[in-house]
Amino acid sequence: MKDLEFSKYTSNLDGVVLVDADQEKFHLVVDESFLRKLDQLLLDRDRRRAQKPAPKVVEAVEPAPRLDPVPRNPAEAISAVRGWYPGTDRMTSQTSVEEALILNLKSRMIQLPPLIFDESWASEKRKGGGWIVSFSFLLAGQARVAEWIVDDVKREVRAGNSLAEELQVYDSAKAKASQADKGKARLGRRRRA
């Protein structure tokens with residue numbers, strides 16, 4: 001089987017011209033029956049993917065580490081949150097808060113340049129000790145703020161609100177489902193137009 005690449009549309013727009021590595025041209029007629037077959041192939045592929053459950057890899061990892069050293073100023077508190085690996089009693093996330101935050105924002109179609117990303121962090125001292133670290137961004141024109149608490153007694157970082165809980169761990173399955181929903185919504189808008 002030869003590898004073919006798209007070259008151009010035919011002059012009467014009834015198909016496409018494909019070329020191989022030797023620049024030999026092949027004419028592919030795109031008609032109604034071809035499109036139906038292609039749709040069926042894509043639907044079958046999606047069904048097969050949906051039927052195969054993704055293998056769950058759960059590694060036994062030590063509980064979340066403790067902060068060492070305890071942050072003494074706002075910059076150290078922000079750095080502690082960005083580098084923290086959230087965890088439960090059973091396992092620790094394989095991605096840091098910062099990595100998960102970037103991936104989660106990308107899945108929501110929010111890409112911040114590094115300078116703006118760095119300026120979106122803020123920190124303030126808590127009355128009871130420790131720090132409150134926040135990350136602010138816009139989503140659909142609305143300001144969103146995720147907050148984390150840097151506890152200097154327990155020497156840990158924990159989510160301070162539900163948005164932080166959601167953004168500190170990246171779930172690729174949720175991100176793919178979100179992208180599929182957005183794609184379906186766009187397709188629906190096109191069909192209505």
Side-chain angles (χ1 to χ4, degrees), residues 46 48-186:
D46 290 344
R48 282 193 304 274
R49 285 183 182 169
Q51 289 173 352
K52 291 181 186 176
K56 276 196 168 180
V57 178
V58 179
E59 296 180 22
V61 183
E62 294 180 25
R66 295 170 56 103
L67 283 175
D68 190 33
V70 175
R72 300 278 181 227
N73 59 49
E76 287 179 3
I78 291 170
S79 181
V81 170
R82 290 174 75 164
W84 185 256
Y85 288 84
T88 62
D89 292 336
R90 295 189 190 148
M91 61 184 270
T92 302
S93 172
Q94 299 298 310
T95 56
S96 68
V97 169
E98 180 173 10
E99 293 165 337
L101 180 62
I102 291 169
L103 292 170
N104 280 312
L105 290 176
K106 280 184 181 179
S107 73
R108 290 168 169 81
M109 307 303 255
I110 301 170
Q111 293 190 358
L112 300 174
L115 182 61
I116 294 174
F117 183 84
D118 290 339
E119 290 178 0
S120 297
W121 293 92
S123 178
E124 65 183 64
K125 191 83 169 147
R126 286 177 64 202
K127 290 180 183 172
W131 301 89
I132 296 176
V133 175
S134 61
F135 181 83
S136 305
F137 62 98
L138 290 176
L139 179 63
Q142 299 289 324
R144 304 281 192 246
V145 180
E147 291 183 340
W148 288 268
I149 297 171
V150 179
D151 190 329
D152 57 1
V153 175
K154 292 183 180 178
R155 296 177 55 194
E156 67 180 12
V157 174
R158 65 179 181 273
N161 63 11
S162 60
L163 184 58
E165 284 179 17
E166 182 183 333
L167 295 177
Q168 74 181 4
V169 177
Y170 180 69
D171 183 349
S172 61
K174 281 184 183 178
K176 287 178 185 174
S178 174
Q179 291 298 330
D181 291 343
K182 288 177 186 173
K184 288 176 187 174
R186 272 187 243 129

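Starting from 1, each residue takes its place in the sequence as its number.
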Tell me, please, which residues at least two apart from [X] pass side chain to side chain donor-acceptor pair (under 3.5 Å).
X    : value
N161 : none
E98  : R82
R126 : none
S136 : none

For [X] and [Y], which heavy atoms make the closest approach, and how far apart are they?
X    : Y    : answer
S134 : E147 : CB-CG, 4.0 Å
P71  : V150 : CG-CG1, 3.7 Å
L167 : N104 : O-ND2, 2.9 Å
V169 : P86  : CG2-CG, 4.2 Å
V81  : V157 : CG2-CG1, 4.0 Å
E76  : R72  : OE1-N, 2.7 Å

State which residues pass side-chain contact (heavy atoms from CB on, under 4.5 Å) with [X]; sequence neighbours excluded, sorted by chain then number.
X    : result
I116 : L112, P113, S120
S123 : P74, A77, I78, W131, V133
E165 : A159
E119 : L115

- Query: How many angstroms lie between NZ in K106 and CG in L101, if you round to the nearest 0.5 Å?
  - Reply: 11.5 Å

- Examine F137 together with F117 and report whether their ring centres are nearer than 6.0 Å. no

- Message: Strictly distance-based, threshold 3.5 Å: is any side-chain N or O of E99 a donor or acceptor partner for the main-chain N or O of T95?
- Response: no

- Query: Does W148 have any ring pair (Phe, Tyr, Trp, His ring centres under 6.0 Å) partners at least two apart in sequence or in another chain, and if so, which?
  - Reply: W121

- Item | Greater than 12 external heavy atoms within 6.0 Å of K154's NZ | no

- Task: Sort and list the pairs that fulfil ring pair (Phe, Tyr, Trp, His ring centres under 6.0 Å) and have at least one residue in residues 95-115, not counting sequence neighbours.
- Result: none

- In E124, K127, K125, the residue satisfying side chain to side chain contact (heavy atoms under 4.5 Å, CB included) with I132 is E124

- Query: With sequence neighbours excluded, what pairs up with D151 under the salt bridge (Lys or Arg N to Asp or Glu O under 4.0 Å) test?
  - Reply: R158

